[in-house]
There are 2 protein chains.
Amino acid sequence: MDPYGLRRVISPPGVLPQRAERLDPALPLGEDELSIEVEALNVDAASFRQIEGVVGRDPGAIGAEVARLVAARGKLHNPVTGSGGMLIGRVREVGLRHPAAATLHPGDRIATLVSLTLTPLRLDRITAVRPEMDRVECRGEAVLFATGLWARLPGDLPEGLVLAALDVCGAPALVLRHLSPGMRVLLLGAGKAGALVAAAAREAQQGRGWVVAADRSRAALDDLRRLGVVDDALEVDATDAVGTLEKLRRTGPPYDLVVNCCSVAGTELTSILAVRDGGVVIFFSMATSFTAAALGAEGVGKDATLVIGNGYVPGHAELTLALLRRQPRLRALFEQRYAR
Amino acid sequence: MDPYGLRRVISPPGVLPQRAERLDPALPLGEDELSIEVEALNVDAASFRQIEGVVGRDPGAIGAEVARLVAARGKLHNPVTGSGGMLIGRVREVGLRHPAAATLHPGDRIATLVSLTLTPLRLDRITAVRPEMDRVECRGEAVLFATGLWARLPGDLPEGLVLAALDVCGAPALVLRHLSPGMRVLLLGAGKAGALVAAAAREAQQGRGWVVAADRSRAALDDLRRLGVVDDALEVDATDAVGTLEKLRRTGPPYDLVVNCCSVAGTELTSILAVRDGGVVIFFSMATSFTAAALGAEGVGKDATLVIGNGYVPGHAELTLALLRRQPRLRALFEQRYAR
């Protein structure tokens, strides 16, 4: 048994697949592994832009560069950005001792929820490159380890919508763990994750509590208002802690739960100032600075629990897709934005 | 009322004191402020080394550079390292509406627990520079805001010991919040914070549970063994996740609580692999990478709560000093290491 895929690491020896220079996708399938006939790679946006910057915007050249990267490393791990992406495809074979041995069968369509930076991958052919979606359609084979997360692609929802939702499905799931009805919830950042979090929080509060969204973008706030999932929506620059705090004060006392889904750096202290003593801040923004959060709370003497937004919560994919099915207006927003 | 000291920010306008270029230490004391006759600055080690690197190791030159920095910014905020330190002194005046108005009186000796990077400070004279302790003795005046943390310096413990303990007093206090008797606790890093955490955890477990310390330094581990606060002590390189995990497996099943007090970068995944599903990791290391922690947990499908080690927990200073008083062997270790 090799739940982390250590035996597939070629170099340097002894590291985990994510840190490896090179993986071996050609080994026979392990008893606790799962293989996938790959249909498409959803490349991380930062990685896609970097590749375009190097080879230009010609789809053929982009495809060739992706193929070169994968051939060199046995995984799609952009050495400049350090990022990968996710993939979709059909199950080819499930090892007898893989955790999904009883639930997944050859031919099932799935998406991987674990980064391509640690997924053994062989590409046989690039069939299309779609820069507008950061997507590379292809034929090839990938391997998931026993600890590698995946989600079944449902037949009733557009694929673009599903992939957009799965990308951030950890956020609503983790927020629900920290939420109880009646709480005052502040959401910093009203984008994709923010919309799911607001919808999940509003539903879980069963008519009690208070959900406020804050964002720079009036359009994003208007979308949430139209969904009917927020009690208030504030146009703020969350990097301006003093100005944001001023506006937040008008919405009432400090918040029980602050959820940071911002896409920009420098919003840690705003999150900390907005939460009450004894409250919780969950940081989902990948631009979060650990030291800014830790020292920021100490600097203002705020006794808050500061949580790193772990992207994995058991059942997170099902929870998020079920939320989209239950809330037709949320689903319509995602279809309009992402179902291309 | 101005709990965050906004009115003392000279430039840029509208930011919080920590982010300010320049503070005004000369304003009349506010009703919710507290002033301190400064005796000594305990300069952050990284800042002290940087200053030595620029002006050399002559105490006079170091003192002059510190005086210049403070005069320029109205606070000791090293522009290169971004760090400050803490100070000790005697209370001069307590504003009537300061939270400590009833508990602190002029002449009381206190240490500030809030960074010098946000503490308005005026230096009148440098009286001594002690590079071996990163310490600058001086005369001057500092201001604490209503949210600024402080601790009374006790008469029964050596000052060096007290300052060393206060520097990391948030760690044992926060760990106790997440601990319950019977838990399996892993401590990565057996230095100053690690020793306090082990001692506090062992005591709180009341003879149940299991505390294991892991560190690169055999000497640090031997110190903890002699204190009798750990059940096992492992010599490991925590940046080597695979090698560390191998050794940890021999100590039993995954841990309920992992406390990261490492001083080096690259130990996030080790912490995550060591904890059980449903367990908690608390990161105190200032070398923690937010993204390495968040993406690391997702990459291996680990459902753990990842907590940023907020340095402030109410009562943390008293809790830590009381721990040192109750545990004579712990106190002796701290006296030997820090009471110079």
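Excluded from the calculations below are hydrogen atoms, water molecules and symmetry mates; all remaining heavy atoms, backbone and side chain alike, are included. Keep in mind the model is a prediction, meaning the values are calculated, not measured. Below, chains carry the letters A, B, ... as their sequence lines are ordered, and counting in each starts from 1.
- When each of B/Phe283, B/Phe284, B/Phe145 is checked for heavy-atom pairs under 4.5 Å with chain A, B/Phe283 comes out on top.
- The 12-atom threshold is exceeded at CZ of A/Arg276, counting heavy atoms of other residues, nucleotides or ligands nearer than 6.0 Å.
- With a 4.5 Å cut-off on non-hydrogen atoms, A/Ser285 touches chain B through its backbone but not through its side chain.
- Counting heavy-atom pairs closer than 4.5 Å to chain A, the top-ranked of the candidates B/Gly301, B/Ala241, B/Pro3 is B/Gly301.
- In this structure the side chain of B/Leu245 reaches within 4.5 angstrom of the side chain of A/Tyr4, judged on heavy atoms.
- With a threshold of 4.5 angstrom between heavy atoms, B/Val15 approaches chain A through N, CA, C or O but not through any side-chain atom.
- Of the two parts of B/Thr270, neither the backbone nor the side chain holds a non-hydrogen atom closer than 4.5 Å to a non-hydrogen atom of chain A.
- Using a 4.5 Å heavy-atom threshold, the side chains of A/Leu295 and B/Met286 count as touching.
- At a heavy-atom separation below 4.5 angstrom, chain B is approached by A/Lys302, A/Asp303, A/Ala304, A/Leu306, A/Val307, A/Ile308, A/Gly309, A/Asn310 within residues 302-310 of chain A.
- Heavy atoms of B/Leu113 lying under 4.5 Å from chain A belong exclusively to its backbone.
- Counting heavy-atom pairs under 4.5 Å between each of B/Pro314, B/Ala293, B/Gly296 and chain A puts B/Pro314 at the top.
- A/Ser115 does not touch chain B: none of its heavy atoms, backbone or side chain, sits under 4.5 Å away.
- Within residues 163-176 of chain A, no residue has a heavy atom under 4.5 Å from a heavy atom of chain B.
- The candidate with the highest count of non-hydrogen atom pairs below 4.5 Å against chain B, out of A/Thr291, A/Val114, A/Val313, A/Thr288, is A/Thr288.
- Ranked by heavy-atom pairs under 4.5 Å with chain A, the list B/Asp277, B/Ile272, B/Leu149, B/Val281 is led by B/Leu149.
- Considering only heavy atoms from C-beta on, A/Leu16 comes within 4.5 Å of B/Leu273 through its side chain.
- Neither the backbone nor the side chain of A/Thr112 comes within contact range of chain B; no heavy atom of the residue lies under 4.5 Å from a heavy atom of that chain.
- Residue-environment remark: CZ (A/Arg97) stays at or below the threshold of 12 foreign heavy atoms within 6.0 Å.
- Between A/Gln18 atom CD and B/Glu298 atom CD the span is 11.0 Å, to the nearest 0.5 Å.
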